[in-house]
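Quick note on labels: first sequence line is chain A, next is B, and so on, each numbered from 1.
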Number of protein chains: 2
Amino acid sequence: MHSEVDAHAGHQTETWDSSLVPDSRGRTDRPSPGCPVEVALDAISGRWTTLVLRELMHGPLSFSELRSRLPSVSAKVLSERLHGLTSRGLADCVRTAGFPPRTAYRLTDRGLALRPLLIALYEVGSELLTPAAPSRP
Amino acid sequence: MHSEVDAHAGHQTETWDSSLVPDSRGRTDRPSPGCPVEVALDAISGRWTTLVLRELMHGPLSFSELRSRLPSVSAKVLSERLHGLTSRGLADCVRTAGFPPRTAYRLTDRGLALRPLLIALYEVGSELLTPAAPSRP
DNA sequence: CCGCATCCGATTGGATACTG
DNA sequence: CAGTATCCAATCGGATGCGG
């Protein structure tokens, strides 16, 4: 544990946070669309999004299957989330031509790439929920 | 009760998401405050929040130091973010009694625990930014 | 079965101005 | 320096109802 975390309170223009922003693209002074962190946040932001992603992680699901697994989500929001995912290339939609119209939403490879992020969210969230070993007077 | 997924693509996934939701607490059918993922999302959600966290990751900073590092954030929003972080126990604030009033916000151990999450956001976001190797089976 | 259209209340975040 | 207070435009998300 570091008590003297910061002895150099001056300029930090050259000294970089090597672990947080490895390359130049990540060093932004505002929430810019080109920042990787913003891109990832955009992909998972919005209510129900992470739950929809979790359901689709197992495999393709239809619109109503998603609705039955997430009973409290409205059709409007689910539709918005699905379009958001597809427009970003994280999911796609396959339709059967016949009748009744069957659809299946599935994650693309890019969508599947979100898995480690969901896991990180779960793990860090769990850590925050623990009664805590905090206190650093 | 549960209809089997007939069009099961069959590759790589089990019926139960052991990696995404290891314990029962994580299996929610709606965005509930007790879900670890929601807790983590709550900690990093809101515009500028991740940038504020990144700045505080190096060490304590005062209110205006944060403003100068993030020139485009308004005082109102920065104040809101800082209160959000402190109320969740992710940061705290130390004041010097004299004049002019000096303050310093610093992350607590719980706040520092967010680092792997920020890194995951960066890495996954970078992956999403790559020109892509899409195409699928 | 698969959605989109619309209305509407709640929340967000930016700009500005003001206090200890 | 370190914030708070207020106003306000934009967005979000829930409910409902209709169309393909």
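Checking side-chain atoms of B/R110 against main-chain N and O of A/L128 turns up a donor-acceptor pair under 3.5 Å. Side-chain atoms of A/S62 do not come within 3.5 Å of backbone N or O of A/A104 as any donor-acceptor pair.
Under the salt bridge (charged side-chain N to carboxylate O under 4.0 Å, His left out) criterion, B/R30 pairs with no residue, sequence neighbours left out. Under the side chain to side chain contact (heavy atoms under 4.5 Å, CB included) criterion, B/S68 pairs with no residue, sequence neighbours left out. Partners of B/R67 under the salt bridge (charged side-chain N to carboxylate O under 4.0 Å, His left out) rule, at least two apart in sequence or in another chain, do not exist in this structure. Every residue two or more places apart in sequence or in another chain that forms a side chain to side chain contact (heavy atoms under 4.5 Å, CB included) with B/T28 is listed here: A/L51, A/R54, B/S32, B/C35. A search for side chain to side chain contact (heavy atoms under 4.5 Å, CB included) contacts involving B/A113 returns A/E127, not counting sequence neighbours. Residues satisfying the salt bridge (charged side-chain N to carboxylate O under 4.0 Å, His left out) test with B/E123, not counting sequence neighbours, are none.
Applying the 4.0 Å criterion to OP1 and OP2 of D/dT4, one finds that B/H83 has a side-chain N or O inside that range. Distances shorter than 4.0 Å separate none of the side-chain N or O atoms of A/T103 from OP1 or OP2 on C/dC1.
Annotation: of the two residues near DNA chain D, B/R67 and A/V73, the 5′-most nearest-nucleotide partner is B/R67. Looking at which nucleotide of DNA chain C each of B/R81 and A/R95 is closest to, the 5′-most match is held by A/R95.
Between the C1' atom of C/dG14 and the CG atom of B/L70 lies a distance of 16 Å, rounded to the nearest Å. As a whole-Å value, the separation of A/E80 CD from C/dA5 P is 11 Å. Computed from coordinates, the B/F63 CZ to C/dT19 C1' distance equals 14 Å when rounded to whole Å. Protein atom CG of A/L82 is 15 Å distant from nucleotide atom C1' of C/dC1, rounded to whole Å. Residue A/L78 contributes atom CG, which lies 16 Å from atom C1' of C/dA5 at whole-angstrom precision.
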Atom pairs, N/O to N/O, protein against nucleotides 16-20 of chain D, distance under 3.5 Å?
none

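For the contact set between residues 33-53 of chain B and DNA chain D, defined by any heavy atom under 4.0 Å, there are no members.
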Could you list the donor-acceptor pairs under 3.5 angstrom formed between side-chain atoms of residues 37-45 of chain B and any protein atom two or more places apart in sequence or on another chain?
unit_1 : atom_1 : unit_2 : atom_2 : d
B/D42  : OD2    : B/R88  : NH1    : 2.6
B/S45  : OG     : B/L41  : O      : 3.4
B/S45  : OG     : B/D42  : O      : 3.4

